[in-house]
Chemist: 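One structure is given below, represented as structure tokens, and several questions about it will come after.
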Amino acid sequence: MPYSETGPASGKEPGSGTVRGHESQLALKRRARRINRILGETYPYAVPELDFEDSFELVVATVLSAQTTDVRVNATTPALFARYPDAFAMAEADLEELRALIRPTGFFRAKADSLMALSRRLVDEYDGRVPGRLEDLVTLPGVGRKTANVVLGNAFGVPGITVDTHFGRLARRFGWTDETDPVKVEHAVGELFERRDWITLSQNLIFHGRRVCHARRPACGACPVATLCPSYGEGETDPAKATALLKYELAPGRTDLLELMLAGKTRRELRALGYGLDA
């Protein structure tokens with residue numbers, strides 16, 4: 001992996017670093033920012049993994065992403081947006097047709113209801129445009145705080161922290177917070193970073209959680225921030241065995257894909273070249 005520091009943090013073995021209760025706020029902040037800096041160097045190509053062209057496409061794709069994978073959503077949305085390119089078109093959609101188009105994403109009946117209600121609200125109250133304020137977004141059908149922060153950060157450039165399952169898991173493993181409530185995690189982690197870094201922080205942690213720091217068996221022995229992580233050892237520590245656990249472009253045998261991503265190829269360009277972007 002791009003980062004290969006082997007020296008232990010503060011002269012300690014990986015995993016023996018301080019835990020949240022014995023670390024000063026200043027030390028915690030410094031360690032957290034160093035972790036984010038290293039992850040940024042590891043994933044300079046980190047972007048939202050949902051395909052979108054505008055704020056409407058992003059909010060729809062994010063609603064569809066619940067309880068499914070981004071890969072499945074990205075396979076579904078081209079036909080969906082070709083049929084319903086904006087809020088005006090989707091607000092007038094045939095419900096059964098809409099359900100059929102989004103069926104592969106699961107929970108398609110509830111999602112179709114949310115998308116139609118969302119589109120109608122956008123038409124009725126916002127002239128068909130997605131609002132750029134958190135307090136407005138969270139009132140829209142199917143849009144919670146996580147979705148709102150995704151849209152604000154990636155469609156409007158408004159700093160926000162997206163606490164999905166990956167982000168929450170890593171924030172706790174890194175010892176940044178003990179909170180489990182997403183809103184409390186968001187506020188606790190937000191205090192450790194400059195507001196301008198919140199968007200990239202979210203992307204870095206989500207990328208790392210999907211590729212290395214897995215829920216059931218993290219690849220500790222192949223982790224670029226192992227020496228800074230108090231949870232080192234929860235997963236596989238043998239470097240060779242840990243490398244075998246890596247996913248997506250970091251997985252063994254996908255060096256060519258990693259090189260293309262590092263060179264700046266977009267996800268759509270990669271798919272056009274025949275690369276599958278699933279794990």
Chemist: What distance separates Glu249 CD from Leu260 CG, expressed to the nearest 0.5 Å?
Modeler: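 The CG atom of Leu260 is 11.0 Å from CD of Glu249, to the nearest 0.5 Å.
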
Chemist: Using the rule that two of Ile, Leu, Val, Met, Phe, Trp, Tyr join whenever any of their side-chain heavy atoms come within less than 4.5 Å, decide whether Met261 and Leu273 are in one cluster.
Modeler: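 Shared cluster, yes.
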
Chemist: I'd like to know whether CD of Glu92 has more than 12 heavy-atom contacts from other residues, nucleotides or ligands below 6.0 angstrom.
Modeler: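 No, CD of Glu92 has 12 or fewer neighbouring heavy atoms, counting only those of other groups under 6.0 Å.
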
Chemist: Within the structure provided, determine whether Leu64 and Thr68 are in side-chain contact (heavy-atom separation under 4.5 Å).
Modeler: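 The answer is no; the side chains never approach within 4.5 Å.
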
Chemist: Please state whether the rings of Tyr45 and Tyr43 are parallel, tilted or perpendicular, taking 30° and 60° as the class boundaries.
Modeler: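 Ring orientation, 0 to 90° scale: perpendicular.
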
Chemist: Is it the case that over 12 heavy atoms from other parts of the model lie below 6.0 angstrom from the CZ atom of Arg72?
Modeler: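 No, the 6.0 Å shell around CZ holds no more than 12 heavy atoms from other groups.
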
Chemist: Measure the CG-OG1 distance between Leu50 and Thr77 for me, rounded to the nearest 0.5 Å.
Modeler: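 Going from CG on Leu50 over to OG1 on Thr77, the span is 8.0 Å.
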
Chemist: Salt-bridge test for Arg210 and Asp70: reply yes if a basic N is under 4.0 Å from a carboxylate O, no otherwise.
Modeler: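 Judged by the 4.0 Å cut-off on N to carboxylate O distance, Arg210 and Asp70 do form a salt bridge.
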
Chemist: Can you measure from CG (Leu115) to CG (Leu122) and round to the nearest 0.5 angstrom?
Modeler: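 One gets 10.5 Å once the value is rounded to the nearest 0.5 Å.
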
Chemist: For the side chain of Arg121 and the backbone of Thr139, is there at least one donor-acceptor N/O pair under 3.5 Å apart?
Modeler: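 Yes, the answer is positive, given that a donor and an acceptor are paired below the 3.5 Å cut-off.
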
Chemist: Has Arg196 got a side-chain atom pairing as donor or acceptor with Pro159's backbone, closer than 3.5 angstrom?
Modeler: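 Absent.
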
Chemist: Would one find more than 12 heavy atoms of other residues, nucleotides or ligands at under 6.0 Å from atom CD of Gln67?
Modeler: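 It does not: Gln67 CD has 12 such atoms or fewer within range.
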
Chemist: Please round to the nearest 0.5 Å and tell me the distance separating atom NE2 of His208 and atom CG of Asn204.
Modeler: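 The NE2 atom of His208 sits 10.0 Å away from the CG atom of Asn204.
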
Chemist: Look up atom OG1 in Thr162 and atom CH2 in Trp198, then write down how far apart they are to the nearest 0.5 Å.
Modeler: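 Between Thr162 OG1 and Trp198 CH2, I get 11.5 Å after rounding to 0.5 Å.
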
Chemist: Counting neighbours of CZ on Arg30 that are heavy atoms of other residues, nucleotides or ligands and sit closer than 6.0 Å, is the number greater than 12?
Modeler: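 Incorrect, the count does not exceed 12.
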
Chemist: Look up atom CG in Asn36 and atom CG in Leu205, then write down how far apart they are to the nearest 0.5 Å.
Modeler: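 Separation between the atoms: 7.0 Å.
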
Chemist: Counting only heavy atoms not in Phe107, do more than 12 sit closer than 6.0 Å to its CZ atom?
Modeler: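 No, because the 6.0 Å sphere around CZ of Phe107 holds 12 heavy atoms or fewer from other groups.
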
Chemist: Are the charged groups of Glu49 and Arg211 less than 4.0 angstrom apart, N to O?
Modeler: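 So Glu49 pairs with Arg211 through a salt bridge.
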
